[in-house]
Amino acid sequence: MTPDVLAFGETMAALRADDPLFLGGSLKLSVAGAESNVAIGLARLGHRVCWAGLTGADEFGRLVRRTLRAEGVDISYSGVTDRGPTGLVVFEPRVADLVRVSYYRTGSAGSLLTIRDLEVALATGARIVHLTGVTTALGEGPRHAVESAARRASEAGALVCLDVNHRSRLWSRGAAAEVLRPLMPHVDILVASDDELPLAAPASAATEGERVTALLDQGVREVVVKRGAAGAAAFAPGRAVSLPAVAVPVRDTVGAGDGFVAGYLSAVLDGEPLEARLDRAVYTGAFAVASRGDWEGLPARHEIDLLRADPGSTLR
């Protein structure tokens with residue numbers, strides 16, 4: 001069956017500490033990855049989603065694959081390799097709500113990804129191909145895979161969604177801009193936080209308005225700007241929509257952007273107009289903020305409106 005969305009990239013084992021690591025606090029094991037977080041979010045919202053990538057031939061890899069299958073994500077186009085281990089990410093609370101993230105992904109299975117690992121998945125004819133800047137930062141093979149996938153998907157008529165998702169511990173802003181800007185002619189939906197937008201827009205654009213205009217002129221159909229606690233905005237030719245963030249108790253901001261993207265793409269698949277797309281995005285992102293974990297708190301379709309209830313409500 002043709003998937004609604006194909007997402008590919010590295011999914012890692014994830015360790016979450018209750019206290020700073022040097023104090024020897026307890027760790028909770030789960031999985032995390034920008035693309036698979038979006039895949040899980042979309043699957044919970046009732047869409048057919050395929051994740052393609054590589055895991056190591058190890059117990060962490062078994063955990064990744066088992067978790068994605070359990071969440072209804074099709075992993076039949078993914079692979080297992082013994083050339084590198086499954087990557088690892090550690091989330092450590094340090095001060096107040098500040099979380100420090102440490103990656104252990106050098107030489108990992110995901111960093112070995114090439115376009116050859118995606119050939120069959122790309123041939124499925126998915127309606128949307130979801131990419132992120134994280135994968136392009138993992139090495140030459142993953143970067144070429146993203147570049148080729150964006151071009152092929154665009155030529156095949158699929159919508160290409162790119163979330164800039166800059167990770168400063170993986171590469172510099174200059175390196176990111178050099179790789180991401182040439183992708184824009186193949187991108188239909190660009191998602192970026194306000195400070196990431198310059199990494200996708202032409203260097204000559206000096207303001208947010210100029211950047212959005214330049215990207216739309218390059219052929220990007222929708223530019224979606226995340227503003228954190230200030231909400232979000234979406235721009236299309238002749239149309240602009242802004243919405244405030246949903247007020248929720250903040251438990252964990254990690255993964256909020258991926259929840260946001262899942263909501264936005266879900267509404268795209270449902271044929272909703274621009275404002276409804278942004279509305280679903282801010283609400284699914286709020287579920288992530290109000291829950292611990294990258295994806296664990298994301299809603300099922302029948303739960304989307306839960307956060308519209310009055311605070312402190314009891315649903316009987």
Side-chain angles (χ1 to χ4, degrees), residues 5-10 33-38 52-53 101 103 105 110-111 113-115 117-118 122 128-156 158-228 232-236 256-258 260-262 264-265 268 281:
V5 179
L6 164 64
F8 71 85
E10 181 172 39
E35 299 84 3
S36 54
N37 292 341
V38 172
V101 180
Y103 295 112
R105 61 203 312 177
S111 71
L113 185 74
T114 71
I115 189 59
D117 299 303
L118 306 173
L122 287 169
I128 298 176
V129 174
H130 176 58
L131 313 169
T132 81
V134 176
T135 306
T136 55
L138 297 181
E140 183 177 356
R143 183 179 75 249
H144 288 323
V146 169
E147 293 167 346
S148 180
R151 184 184 70 254
R152 294 188 193 189
S154 179
E155 291 171 351
L159 290 177
V160 176
C161 174
L162 175 69
D163 185 353
V164 171
N165 229 334
H166 181 247
R167 297 288 185 265
S168 60
R169 291 200 171 192
L170 296 180
W171 59 350
S172 68
R173 291 178 64 85
E178 186 177 347
V179 170
L180 297 179
R181 284 172 181 159
L183 294 178
M184 292 306 108
H186 308 299
V187 172
D188 297 288
I189 300 171
L190 177 73
V191 182
S193 59
D194 45 11
D195 65 324
E196 291 173 337
L197 198 60
L199 306 184
S204 58
T207 66
E208 180 177 289
E210 291 177 358
R211 290 167 186 140
V212 169
T213 298
L215 289 164
L216 295 176
D217 287 345
Q218 285 183 305
V220 178
R221 299 186 191 183
E222 298 168 30
V223 178
V224 186
V225 182
K226 300 175 291 184
R227 306 192 195 282
F235 304 89
D258 300 327
F260 178 97
V261 173
Y264 195 90
L265 294 183
V268 169

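Values in this document were obtained by computation on a predicted structure and should not be read as measured data.
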Flag the pair [X] / [Y] as yes when at least one side-chain heavy-atom distance between them is below 4.5 Å, and no otherwise.
{"X": "V268", "Y": "I189", "result": "yes"}
{"X": "F8", "Y": "L113", "result": "yes"}
{"X": "R105", "Y": "L170", "result": "yes"}
{"X": "Q218", "Y": "L190", "result": "no"}
{"X": "D163", "Y": "D258", "result": "yes"}
{"X": "H186", "Y": "V129", "result": "no"}
{"X": "R221", "Y": "L159", "result": "yes"}

Distance-minimising heavy-atom pair for [X] and [Y]:
{"X": "G110", "Y": "P142", "answer": "O-CG, 3.9 Å"}
{"X": "W171", "Y": "H166", "answer": "O-NE2, 3.1 Å"}
{"X": "L215", "Y": "A200", "answer": "CD2-O, 3.6 Å"}
{"X": "V164", "Y": "A192", "answer": "CG2-CB, 3.8 Å"}
{"X": "G9", "Y": "T135", "answer": "CA-OG1, 3.6 Å"}
{"X": "V160", "Y": "A150", "answer": "CG2-O, 3.8 Å"}

Can you measure from [atom1] ([X]) to [atom2] ([Y]) and round to the nearest 0.5 angstrom?
{"X": "L180", "Y": "R173", "atom1": "CG", "atom2": "CZ", "result": "11.0 Å"}
{"X": "R151", "Y": "L183", "atom1": "CZ", "atom2": "CG", "result": "10.5 Å"}
{"X": "D195", "Y": "K226", "atom1": "CG", "atom2": "NZ", "result": "9.5 Å"}
{"X": "L216", "Y": "R211", "atom1": "CG", "atom2": "CZ", "result": "14.5 Å"}
{"X": "L162", "Y": "H130", "atom1": "CG", "atom2": "NE2", "result": "8.0 Å"}
{"X": "H144", "Y": "I115", "atom1": "NE2", "atom2": "CD1", "result": "11.0 Å"}

Sole candidate of T213, V223, L197 that passes side-chain contact (heavy atoms from CB on, under 4.5 Å) when paired with E208: L197

Test item: R143 side-chain N/O and L138 main-chain N/O as donor-acceptor pair under 3.5 Å: no

Any donor-acceptor pair under 3.5 Å from R169 side chain to V101 backbone: yes

CD/E178: more than 12 non-hydrogen atoms of other groups inside 6.0 Å: no

Side chain to side chain donor-acceptor pair (under 3.5 Å) partners for T136, two or more places apart: none

